[in-house]
Every structure is written in C-alpha cells, then in structure tokens.
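Side chains are part of it too, since the values below use all heavy atoms of this structure and drop only hydrogens, waters and symmetry mates. Start at 1 and go down the list; that is how both ligands and their atoms are numbered.
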Amino acid sequence: MKTRMLSPGDAEVAGEILRRGGLVAIPTETVYGLAANALNGEAVANIFKAKGRPMDNPLIVHITELEQLEDQDLVAYVPSAVYDLAEAYWPGPLTIIMEKGSAIPDEVSAGLDTVAIRMPSHPVARSIIKAAGVPLAAPSANTSGLPSPTTAAHVAEDMDGKIDAIVDGGPCSVGVESTVVTLCTETPRILRPGGVTPEMLEEVLGDVDIDQAVLGKLKEGERAASPGMKYKHYSPKAEVYIVRGSLSQFAEFVNAKDPETTCALVFDGEEESIRCKTLPFGAEGDESAQANRLFYDLRTCDDLGIKNIYVRCPSSEGVGLAVMNRLLRAAEYRFIDL
Ligand code: AMP
Ligand code: MG
C-alpha cells in the first residue's frame, strides 16, 4: 500500500479516507494516533494488524463534543463526574473509562464491558474527527512495543506502506500518552499516568487511587486493570538503564563506556562533562519538558544505531509520574545505583 503524506489543510481528505474504513495517522497533543472509524469493527481490526497489537488491548475513542457520548451511544450512561472532569480537562490529555454503549464494536473494547474516551485538544486532530463525522479509535501510531511517535517522521518509520495516510502536524506538545482514569471502580483509579497529574484529578474528584501497575511490575499471572500495562512497552532497540547518582558519578560512569555505541540522556545543560553522545531530556525538575523529550530521544537513539542508553533518573512528581512509568518499561525496570 502506498502511504500518502498529508498536511493539516487536508482534513477533508483524511476524513474521507476514515469514513470509507481506511487508516490515517493523525497528530494529537499527546503522541501521534493511528485512527480508524470507531464504529466500524473491520476498520478497527486493521489498526491491530498495522501495529501488531495484541487483540486483547483495547483502544481509546476520540470525540470532539460531549454530546457524542449519548447521541452516538458510545457509553451506557454518563457519570456526573465526567461533566466535572470535562469542564476542567477536556479537550486535553485525559482519557476516561466508562461503561460502554451499544455502538462500540468488540474490536474497540477488546471484549470488555467498558470503553475509554478522550477529547483531544490538538486543532488538527479535532478538524479530522469533525471531517470524518464519526468518533475515531486511535492508539499510538507505532509498531506495538516501540516508543510512541511524537513526529510524523517517527510514524513513517513504523507505518510507511501499512496505512493509507499520515497527516504531518509537527511535533506533539505533551510527548507521552494521555492519563487514563477509570470511573468504573468505587474510587476513581488512574490506570496510566499522563499529562493530567494525580493532583489535578484529585482537585476535581477528591480521592483518586493510583493502580499499582503504574510504577510496580505485574507479577506472573496477575491481571492488569488496563490490559496495555501487561505488555513490554516503549522499548527502543537499544538497552535502556535508569542511573541513580550525582552528575559527577554519572559522568565518570558513562565516560568509561564505548562512545560509539553509548548515549547518555541528561538534563539540559549537563552535556559538557560527558564524552559519549548525549541527548538533552529536559531541565532537571521540569517534568513536562522531560515528557516532551523522552520518546523522541529514545527513537533518535535507534536512528543513530546506539546500543546502550543511560538515563539520569528523573523525579516522579507531577507529570514525572508519567515519565517514570514509561521509562521503567523502556528500561525493563533496570536501575544502576552509583
Ligand atoms: P494507546 O491507545 O496505545 O495509548 O493505549 C490505550 C491504553 O488505554 C492501553 O493501555 C489500554 O489498555 C487502555 N485502555 C483502553 N480501553 C480500556 C478499558 N476499557 N479499560 C482499561 N484500560 C483501557
Ligand atoms: Mg500505545
């Protein structure tokens, strides 16, 4: 299949492809999404094929108006907390899990009786959803297991020849996937951290639990509340290690490694003391900047043929929880303590 490169002005073209059951990669504020008509099970099944995604990992449905939830039978009912969350954080990087409605095909929900819904803020994503005239199911537009793409070039590396089109909307601003919160538990529970922090959710919802799979490792045979959490994820081809210690300890450690095949992910301004390839990964303490850079840097390392990536250990505060959640999986939970 020839994959067309489209620009943000081509929303109508993208909408037409989606309406007739095709696949289009679209920019959102979080990461690039691989979109299909969420009401068409066959089109949605093709997303799983293009990504090599396990069929038991459900997708997020993207909308532009709150009314779509009931008018298009996407959910069984709208819990009142959804209106409060929408008022505060929609459109934006927040996905809410609700009981699913009759219009949601099994391919989207992976057979669960719940559905994940998000209203993105990216103007290009919004114009494409509107042009399509249907809600769009869209997971990240990467091959399953690899870091999510935050530029159209990174989408093309994985998806060229496998999907109908890629819309280039420039780099994504958040850089990691949306926060996933479920309202189907007694206390709302964060299944995946993202740009909307636990503190931001607590402001609206009161008590919020954080699923233990967010920073912990699932034990053999343990059931994941969010099926996506059980898969190896976000891993570049290179081996990733999270390194704890001072900058001088870190510099001494990486300076002893092969400079040809090693890359250090350092906080902005720390590059000078390090002899191997470095990529800045946001300022220390600026978790939003780190989120914005993490996947981009991991993919860049693969483009450069790097074998080992050593990452300065970031904080897990605020948006840092999302950074650490992705980094732990990329590193397969490997820490080096200096
Ligand atoms: P992606 O779209 O690739 O960012 O992945 C979507 C994430 O949301 C995955 O981790 C899924 O497991 C999770 N997810 C989607 N729908 C549900 C649902 N109904 N219940 C729990 N988790 C979900
Ligand atoms: Mg994904």
Asker: Please write down residue, atom name and distance for the protein heavy atom closest to atom 11 (C) of ligand 1.
Answerer: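 Result: Asn57 OD1, 3.2 Å.
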Asker: Thr114 versus ligand 1: do any nitrogen or oxygen atoms come within less than 3.5 Å of each other?
Answerer: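 Yes, Thr114 has an N/O under 3.5 Å of an N/O on ligand 1.
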Asker: Enumerate the atoms of ligand 1 whose separation from the nearest heavy atom of Leu112 is less than 4.0 angstrom.
Answerer: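 Those atoms are 18 (C), 19 (N), 20 (N).
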Asker: Counting only heavy atoms, tell me which of Cys184, Pro58, Ala137, Gly111 gets closest to atom 16 (N) of ligand 1.
Answerer: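 Shortest heavy-atom distance from atom 16 (N) of ligand 1: Pro58.
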Asker: Quick one: does Ser178's side chain have a donor or acceptor within less than 3.5 Å of a partner on Val180's backbone?
Answerer: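 No; zero donor-acceptor contacts below 3.5 Å.
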Asker: What is the closest protein heavy atom to atom 18 (C) of ligand 1, and at what distance does it sit?
Answerer: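 Answer for atom 18 (C) of ligand 1: Ile97 CD1, 3.4 Å.
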Asker: Would you mind listing which atoms of ligand 1 come within a distance below 4.0 Å of any non-hydrogen atom of Ser140?
Answerer: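 Matching atoms, with element in brackets: 1 (P), 2 (O), 3 (O).
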Asker: Counting C-beta onward and ignoring hydrogens, is there a side-chain heavy-atom pair between Asp84 and Leu205 closer than 4.5 Å?
Answerer: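 The answer is no; the side chains never approach within 4.5 Å.
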Asker: If we set the cut-off at 4.0 Å for heavy atoms, which region of Ala225 has an atom near ligand 1: side chain, backbone, both, or neither?
Answerer: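 Looking at Ala225 and ligand 1, just backbone atoms fall under 4.0 Å.
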Asker: Among all protein non-hydrogen atoms, which one is nearest to atom 5 (O) of ligand 1, and what is the separation to 0.1 Å?
Answerer: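 Result for atom 5 (O) of ligand 1: Arg53 NH2, 3.3 Å.
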Asker: Near Arg192, which atoms of ligand 1 are under 4.0 Å from a heavy atom of that residue?
Answerer: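 Selected atoms, number and element: 1 (P), 4 (O), 5 (O), 6 (C), 7 (C).
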Asker: Just jot down the ligand 1 atoms closer than 4.0 angstrom to any heavy atom of Pro139, in number order.
Answerer: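 Near Pro139, meaning under 4.0 Å from one of its heavy atoms, ligand 1 has 1 (P), 2 (O), 3 (O).
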Asker: Hey, what's the ring geometry for Phe253 with Tyr310, parallel, tilted or perpendicular (30° and 60° as the breaks)?
Answerer: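 Phe253 vs Tyr310 ring planes: perpendicular.
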Asker: Identify which one of Leu39, Val108, Val115 satisfies the side-chain contact (heavy atoms from CB on, under 4.5 Å) criterion when paired with Leu74.
Answerer: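 Only one option passes, and that is Leu39.
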Asker: Using a cut-off of strictly less than 2.8 Å, determine whether Ser140 has an N/O/S atom near the Mg ion (ligand 2).
Answerer: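 Short answer: yes, at least one N, O or S atom is under the cut-off.
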Asker: Heavy-atom distances under 4.0 Å are what count here, so tell me which part of Leu191 touches ligand 1: side chain, backbone, both or neither.
Answerer: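 Near ligand 1, Leu191 shows its side chain, while the N, CA, C and O stay back.
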Asker: Can we call the ring centroids of Phe295 and His154 under 6.0 Å apart?
Answerer: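 No, the ring centres sit 6.0 Å or more apart.
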Asker: Looking at Lys307 and Glu260, is any side-chain nitrogen of the basic one under 4.0 Å from a carboxylate oxygen of the acidic one?
Answerer: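 Lys307 and Glu260: not salt-bridged.
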Asker: Would you check if the side chain of Asp164 reaches a backbone N or O of Val24 as a donor-acceptor pair within less than 3.5 Å?
Answerer: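 Checking the backbone N and O of Val24 against the side chain of Asp164, no donor-acceptor pair under 3.5 Å is found.
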Asker: Write out the residue and atom name of the closest protein heavy atom to atom 13 (C) of ligand 1, then the distance separating them to 0.1 Å.
Answerer: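 Its nearest protein heavy-atom neighbour is Ser226 OG, 3.3 Å.
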Asker: Would you call Glu29 and Arg118 a salt bridge, using N to O less than 4.0 angstrom?
Answerer: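 Between Arg118 and Glu29 there is a salt bridge, with a charged N closer than 4.0 Å to a carboxylate O.
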Asker: Are the charged groups of Asp106 and Lys100 less than 4.0 angstrom apart, N to O?
Answerer: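 The answer is yes: the pair qualifies as a salt bridge.
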